[in-house]
*Asks:* 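Please see the structure below; I have some questions.
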Amino acid sequence: MKSQDIRAKFLEFFKSKTHQIVPSAPMVTKNDPTLMFVNSGMAPFKEYFLGNGTPTSNRIADTQKCLRVSGKHNDLEEVGYDTYHHTMFEMLGNWSFGDYFKKEAIAWAWELLTEVYGIDKDILYVTVFEGSEEDGLKLDQEAYDLWKEIVPEERILMGNKADNFWEMGSQGPCGPCSEIHVDIRSDEEKAKVPGADLVNMDHPQVVEIWNLVFMQYNRKADKSLEKLPSQHVDTGMGFERLCMVLQDVKSNYDTDVFTPIIREIETIANVDYGNDEKVDVAIRVIADHVRAVSFSIADGQLPSNNTRGYVIRRILRRAVRYGFTFLNKKEPFIYRLVDVLDKKMGKAFPEIKEQKQLIQNVIREEEQSFLRTLEQGLVLLDRVIENVEGKVVSGKKVFELKDTYGFPQDLTELILSEHGLTYNEDEFNAALKKQQEDGRVGTKIEADDWVVLLEDEDEEFVGYDTLEVDVRLTRYRKIETKKEGVQYQLVFNMTPFYPEGGGQVGDKGYLEVPNGDVVYILDTKKENNLIIHLAKNLPKHVDQTLRAVVDKKQRERTAANHTATHLLHQALREVLGTHVEQKGSAVHSKYLRFDFSHFSKMTVEELRDVENFVNARIEGKLPLEEIRNRPVAEAMADGAMALFGEKYGDTVRSIRFGQSIELCGGTHVENTADIWHFKIKSEGAVAAGIRRIEAITFDATKEFYFENNRAYYEIKDVLNNPKDTVKAVTDLKDENAKLKKQIESLLKDKAKNLKGDLKNELEDIDGVQFLAKQVDLDQNGIKNLAFELGGEMKNLFLFFATATESKVMLTCYISKELVAERGYDAGKVVRELGKLIHGGGGGQAFFATAGGKNPGGIPKAIERVREYVK
Ligand code: ATP
Ligand code: MG
């Protein structure tokens with residue numbers, strides 16, 4: 001069965017069991033501070049399990065793009081070495097939200113695998129949670145009995161808490177699970193070792209394919225369990241592993257999900273898969289990673305230096321580095337695989353097809369720059385190898401290569417071993433640990449349980465219509481981070497506070513308490529569908545009605561920037577073309593930032609046209625036309641712009657100003673006239689094919705022009721109020737250039753005169769023509785002087801010191817014959833005497849310089865240099 005059909009069959013099957021089929025959510029998460037990427041099928045549905053929202057159906061099925069490269073699930077280091085873990089994979093899943101439970105979940109899983117897919121029952125094993133003493137939980141008898149009806153008892157195995165009790169995090173919904181494993185070994189091997197002994201033992205051909213999770217408990221902050229009010233089912237089946245079983249192969253990489261990519265790698269790199277384990281690992285790494293990186297880019301996460309982006313960058317670099325070392329690829333090539341990936345998956349996941357060009361460009365550019373890094377790293381490493389004393393290289397050096405230059409540690413290790421060297425791993429690990437700890441400060445959150453005051457399903461957002469409203473606190477909890485200390489998260493029955501989202505920052509403001517006290521709201525965020533308000537303290541009486549007030553000025557500025565962002569988006573597509581797509585947006589109160597796909601630097605004219613376009617719409621006084629809760633299809637038919645990597649519900653809100661229509665949840669001005677004015681402050685590159693514009697609006701533009709004006713008048717003043725300021729500055733520049741030239745030639749003359757004087761001052765010490773002196777020349781002048789003297793005379797030992805306000809320099813010149821005959825070393829001289837001026841330097845034996853900061857050391861240096869002649 002082809003992989004496409006396998007996927008389709010799964011969805012059809014659950015559709016026939018009255019499940020709603022939904023598309024995969026983007027792999028890059030939003031609104032979830034605990035998760036960078038979706039790492040299991042349930043992640044996009046977390047809010048429903050937590051009871052913070054209602055799903056469109058209580059039975060849902062889908063295939064979800066997952067990425068397991070960070071946090072709780074990190075399979076990165078396995079990938080390539082084994083044949084059944086990927087970084088990015090598809091998880092097929094069916095869900096019950098308070099609807100069916102173990103009985104149906106188990107029966108359907110079995111029906112699908114054995115009847116629809118026709119998997120031989122004799123190769124399947126199932127596991128059941130055996131219970132846990134510390135949690136006071138017994139064997140999951142219910143699941144056991146259900147399995148017993150369809151599976152022989154010797155194929156039902158007990159699983160411990162680590163394997164068979166699933167938890168969402170340290171707190172929250174959890175429960176026992178039943179896994180389904182397959183044994184795809186040959187009959188011969190099966191005869192030797194029974195499959196039951198290999199389940200959950202990391203055997204590559206006895207692997208878990210499906211996990212059925214039965215959520216029935218809630219884990220509280222004190223680690224105790226309470227029963228959930230309603231029970232849920234969450235299942236996840238690895239799509240690529242299922243394909244392996246159904247296509248009767250022994251590795252995920254031998255399924256048609258991967259073989260076209262692998263064939264392409266073989267062609268490009270001129271290698272064969274299956275002959276040499278090292279090469280095979282590299283091929284698997286690359287085939288896997290190109291998927292992960294391509295899908296991340298398609299979902300809006302570009303490789304970069306911060307959090308999510310850095311994870312993606314590291315995955316890609318891992319692929320580049322395996323290609324570099326084991327396939328001998330010194331040129332970018334991974335981007336060339338995107339074509340095949342698109343042919344294979346573009347149908348099921350159109351985001352790949354539609355953004356192919358961008359994905360290719362970004363990957364190529366990243367490859368290029370990392371290959372450069374690798375080459376530089378090799379040079380640096382050569383130097384380390386040359387200078388090593390003994391057989392062990394410093395672990396700090398290896399860490400520095402990795403951290404500062406991005407040069408991977410395993411590559412360093414490999415190269416060192418080729419030179420018969422190792423490195424100090426303890427030192428390396430200590431440096432790594434220190435860095436990780438430094439990076440972690442402030443990120444770890446300790447959270448208490450929610451204190452629920454009022455049961456309230458729907459926390460209504462009223463902030464589109466009002467900035468002030470009376471609210472009741474429905475729940476709160478205390479949290480603690482290293483950086484911010486103790487804070488409180490507050491949830492209300494309704495709120496005017498906009499939670500950070502769609503690039504727009506969260507509202508700030510305050511709560512008025514009846515007795516006149518005020519509690520400041522520092523930020524507002526959405527987490528698992530709850531709007532959470534952050535405060536330093538709680539209102540004294542948590543059960544009173546409070547007046548929630550949004551900071552109006554901040555909101556006005558943010559709204560102006562948000563509306564301007566839409567107009568900018570429209571302008572860019574108008575001026576540059578419709579290839580422009582939004583690739584990131586940050587709407588702050590002080591400025592806006594907009595990233596978009598475009599392949600070259602914008603010209604001054606283009607920038608001016610874009611500014612004019614936006615300002616024309618501001619002057620046009622276009623009113624806001626907002627439609628809430630409209631069907632997606634209707635909004636799209638109107639010409640609304642939807643963004644890749646965004647998850648839209650069935651109904652959306654559309655925002656229109658003139659011809660600009662976007663699906664958007666943000667806050668906007670009532671009329672474009674409220675923006676006052678739009679001014680671009682910068683345009684630049686963020687990645688290959690991605691540009692960034694930063695701009696300001698509203699009162700920030702007033703300040704900007706005011707500030708520029710003030711600077712202008714100050715300049716005029718300094719220039720004594722010329723009629724034509726630009727001309728005055730140009731004249732000044734010309735004059736300055738002329739003067740510089742004159743000074744240069746004067747300095748040359750001066751050096752010539754000096755040379756004559758110095759010749760007379762040479763002192764003969766035992767056949768050496770010696771001179772040590774402080775002179776008033778620049779560094780270039782001194783060098784020329786020394787070399788000219790050296791050309792005219794023999795046996796010279798010159799030592800010059802110079803001091804300017806900012807720098808002290810020592811220069812030592814020794815004729816080559818002295819170096820050869822007497823072993824003099826100018827490098828050593830300046831290195832040692834450099835200490836007297838609080839500096840250092842070096843060079844060659846016949847010429848060396850040192851720079852420092854302490855002019856007070858010069859006389860001593862001049863005195864001591866004689867010692868080197870004797
Ligand atoms: P394993 O022990 O094999 O790593 P898991 O216990 O981590 O699996 P779950 O978290 O239960 O797996 O995920 C559900 C299913 O997703 C698994 O049964 C498996 O088929 C699939 N799966 C899990 N991790 C990966 C991965 N890295 N690559 C491909 N498929 C995976
Ligand atoms: Mg795992």
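Nothing fancy with the numbering, it's 1 onward along the sequence. Order of listing sets the numbers, starting from 1, for every ligand and every atom in it.
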*Asks:* Between the protein and ligand 1, which nitrogen or oxygen pairs come in under 3.5 Å, and how far apart is each?
*Replies:*
residue  : atom   : partner : partner atom : Å
ligand 1 : 3 (O)  : His85   : NE2          : 3.4
ligand 1 : 3 (O)  : Arg241  : NH1          : 3.0
ligand 1 : 3 (O)  : Arg241  : NH2          : 3.1
ligand 1 : 4 (O)  : His85   : NE2          : 2.6
ligand 1 : 6 (O)  : Glu208  : OE1          : 3.3
ligand 1 : 7 (O)  : Arg68   : NH1          : 3.1
ligand 1 : 10 (O) : Arg68   : NH1          : 3.1
ligand 1 : 10 (O) : Arg68   : NH2          : 2.9
ligand 1 : 11 (O) : Glu208  : OE2          : 3.1
ligand 1 : 11 (O) : Asn211  : ND2          : 2.8
ligand 1 : 18 (O) : Glu208  : OE2          : 2.7
ligand 1 : 18 (O) : Ile209  : O            : 3.3
ligand 1 : 20 (O) : Glu208  : O            : 3.4
ligand 1 : 20 (O) : Ile209  : O            : 3.0
ligand 1 : 20 (O) : Gly238  : N            : 3.0
ligand 1 : 24 (N) : Arg68   : NH1          : 3.1
ligand 1 : 27 (N) : Asp75   : OD2          : 2.6
ligand 1 : 27 (N) : His86   : N            : 3.3
ligand 1 : 27 (N) : His86   : O            : 3.0
ligand 1 : 28 (N) : His86   : N            : 2.9

*Asks:* The criterion is ring pair (Phe, Tyr, Trp, His ring centres under 6.0 Å); which residues satisfy it with Trp450, sequence neighbours excluded?
*Replies:* none
*Asks:* Assert yes or no for the condition that the ring centre distance of His86 to Phe258 is strictly below 6.0 Å.
*Replies:*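 Here the rings of Phe258 and His86 have centres that are less than 6.0 Å from each other.
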*Asks:* Is the shortest side-chain N to carboxylate O distance from Glu111 to Lys17 below 4.0 Å?
*Replies:*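 Looking at Lys17 together with Glu111, the answer is yes, because their closest N to O distance falls below 4.0 Å.
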*Asks:* Taking the six-membered ring of Tyr84 as reference, does the cationic atom of Arg241 (NZ for Lys, CZ for Arg) lie under 6.0 Å from its centre and within 45° of its axis?
*Replies:*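 Because its charged atom misses either the 6.0 Å distance or the 45° angle limit, Arg241 does not stack over Tyr84.
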*Asks:* Parallel, tilted or perpendicular for Trp108 and Phe14, by the 30°/60° rule?
*Replies:*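 Answer is perpendicular, since the angle exceeds 60°.
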*Asks:* Do the numbers put Arg59 on top of the ring of Tyr100, so that NZ or CZ is under 6.0 Å from the six-membered ring centre and no more than 45° off the axis?
*Replies:* no
